[in-house]
Protein chains: 2
Amino acid sequence: MKKNRILAVGSVALDSVKTPFGEVTNALGGSVSYFAASARFFSKVALVGVVGRDFPEKYWDKIRSLGVDTACLERKEGKTFHWRGFYGDDLNHAKTLKTELNVFQSFRPCIPRAYRSDRFVFLANIDPDIQREVLGQMGRPHLTACDTMNYWIAHKRPSLMSLLKKVHVFLCNDGEARELSGERSLLKAAKWVLSRGPSLLVIKKGEHGVLCFSKNFTFLAPAFLLEDVFDPTGAGDSFAGGFVGYLVSCRRFSEKAVRKAIVYGSVLASYNVESFSLDRLSRLKRPEIEKRYRQFREMTRF
Amino acid sequence: MKKNRILAVGSVALDSVKTPFGEVTNALGGSVSYFAASARFFSKVALVGVVGRDFPEKYWDKIRSLGVDTACLERKEGKTFHWRGFYGDDLNHAKTLKTELNVFQSFRPCIPRAYRSDRFVFLANIDPDIQREVLGQMGRPHLTACDTMNYWIAHKRPSLMSLLKKVHVFLCNDGEARELSGERSLLKAAKWVLSRGPSLLVIKKGEHGVLCFSKNFTFLAPAFLLEDVFDPTGAGDSFAGGFVGYLVSCRRFSEKAVRKAIVYGSVLASYNVESFSLDRLSRLKRPEIEKRYRQFREMTRF
């Protein structure tokens, strides 16, 4: 167990993405890659995932160069998870052309003993059965945050509901919050979710910002305003990385810390969408984060 | 000329509206009705519009009971402007079933002499030719704000562009800002608009809040969070009423005043959508406005 280390479980992928501004083939992607590249500014991150034999050596190097612990990143026979998608003029919605799960299909993470007592866990969007299996291997984390997607809400609802009872923070987007709760009103959806387990709900609305709910307070944040969104891939995961990363770096998960964490998450996401893959996040410097944090305050104060 | 009086030009209508929560027939509506019912909390309002012989006496009384000056509200032979529409589950978008312009078709406001030197003018969404005609009758207002809609952007662009040169504040929604500028990015759209005349641009995004741009600053505000939006009709006009009304009540149109005005506008819009027609706005008390203003600060501070 390491103090302030976040054990982050999810996909490491090769992405082929086309946006109105360009395209990349077999770029480094996947939910925990984006999460780790953001969270590392605030906390240690150990990445739990699986890649295939085709996973380029330079990508291993890139992840390690970010200071991310890759001891729990397995390499297996077969090919790496590959996502192929594109964004049209509506950059809020990706169109998936092809999803090849490959080695990720049979991903059953076995957390090494040295990591099982880690106090902070992030479960990126994967099958809720596997998210629960991971939690079952862990001790009693101080903070467990998880993400999900519409597919699991539709096809694994009982498992997801059971997972919700065990996590502190639940992250999803507005459509997912509505689908899960059956409520059109996000305020009603939030009350529904908070009564099912999590003490904090974060609803991501892409270019329209973030809503954060607890039993004691509500925090609304617009998205950082950019001239152009180059590639939205990984926006949600880089948000989660900034959010969870900053929160874990605080001594206490106070309301004040949560509010600041939401803004840091938004800042990290805003940088991420400025380029393909982890390009911007891996070049990013801490003073740039602080600069945009101050601009965020400037743009929202009254 | 009266100090702090806003001359507000636009439609007074009978609305028949259906939402998932109920319906009304021939309810008091129209852009300046909503504007006036909101702005009156902060400033005097003189309403410029036209109604037909069928306009109920009780609606005159209602408008007057709000303290709104109706000396420039004409009654003409014929029927009042009638809008019939409904909202489905997506309360962000009205579906128009029928628009009967009636007496509004030939609306050519002639501003009485006593009002021509008024210093504050609001031009609600009407034909930009008429908006310009009104401005031509006025002296040199200290503050002119105007709204528009997609129809005029598509069909009267040259006239709208000419109007933009003469107004200080331009209000529109996100779709209109994109259509007008040809820019997908709202930040680029804002720069485009600001270079065409207005010193302030307010982009309304419904449930997603408001973006406000000037050459010197940008202000982003989420929408006030409600359990239910009962009827979104008039949300944009009641926002404009709170915004312009508060701004005019300030001695100077400082950045600070503009930011506060945006929040007051959002508060007024949030009350308006809680019921049909002007029902909520006409019952509203100033302490309720202040209460929600404080809640707004609470929900956005970090």
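What's counted below: heavy atoms across the whole structure, side chains too, no hydrogens, waters or symmetry copies. Note that the structure is a prediction, hence the values are computed from the model and not measured. Here is how names work: the chains are called A, B, and so on, in the same order as the sequence lines, proteins then strands, and each is numbered from 1.
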* **Residue-level interface, residues 173-186 of chain B with chain A, non-hydrogen cut-off under 4.5 Å** => B:Arg178, B:Arg184, B:Ser185
* Asked: Mind checking which of residues 222-231 of chain B sit less than 4.5 Å from chain A, heavy atom to heavy atom?
  -> B:Pro222, B:Ala223, B:Leu225, B:Leu226, B:Glu227, B:Asp228
* **Toward chain A: residues of residues 265-302 of chain B with heavy atoms under 4.5 Å** => B:Tyr293, B:Phe296, B:Arg297, B:Glu298, B:Met299, B:Thr300, B:Arg301, B:Phe302
* Do other residues, nucleotides or ligands put more than 12 heavy atoms under 6.0 Å from B:Lys188 NZ? -> yes
* For each of A:Glu255, A:Lys191, A:Arg259, tally heavy-atom pairs with chain B at distances under 4.5 Å, and name the one with the top tally. => A:Arg259
* Asked: What residues of residues 204-219 of chain B sit under 4.5 Å from chain A when only non-hydrogen atoms are counted?
  -> B:Lys205, B:Glu207, B:His208, B:Leu211, B:Phe213, B:Thr218, B:Phe219
* Asked: Relative to chain A, which segment of B:Lys256 carries a heavy atom at a distance below 4.5 Å: side chain, backbone, both, or neither?
  -> neither
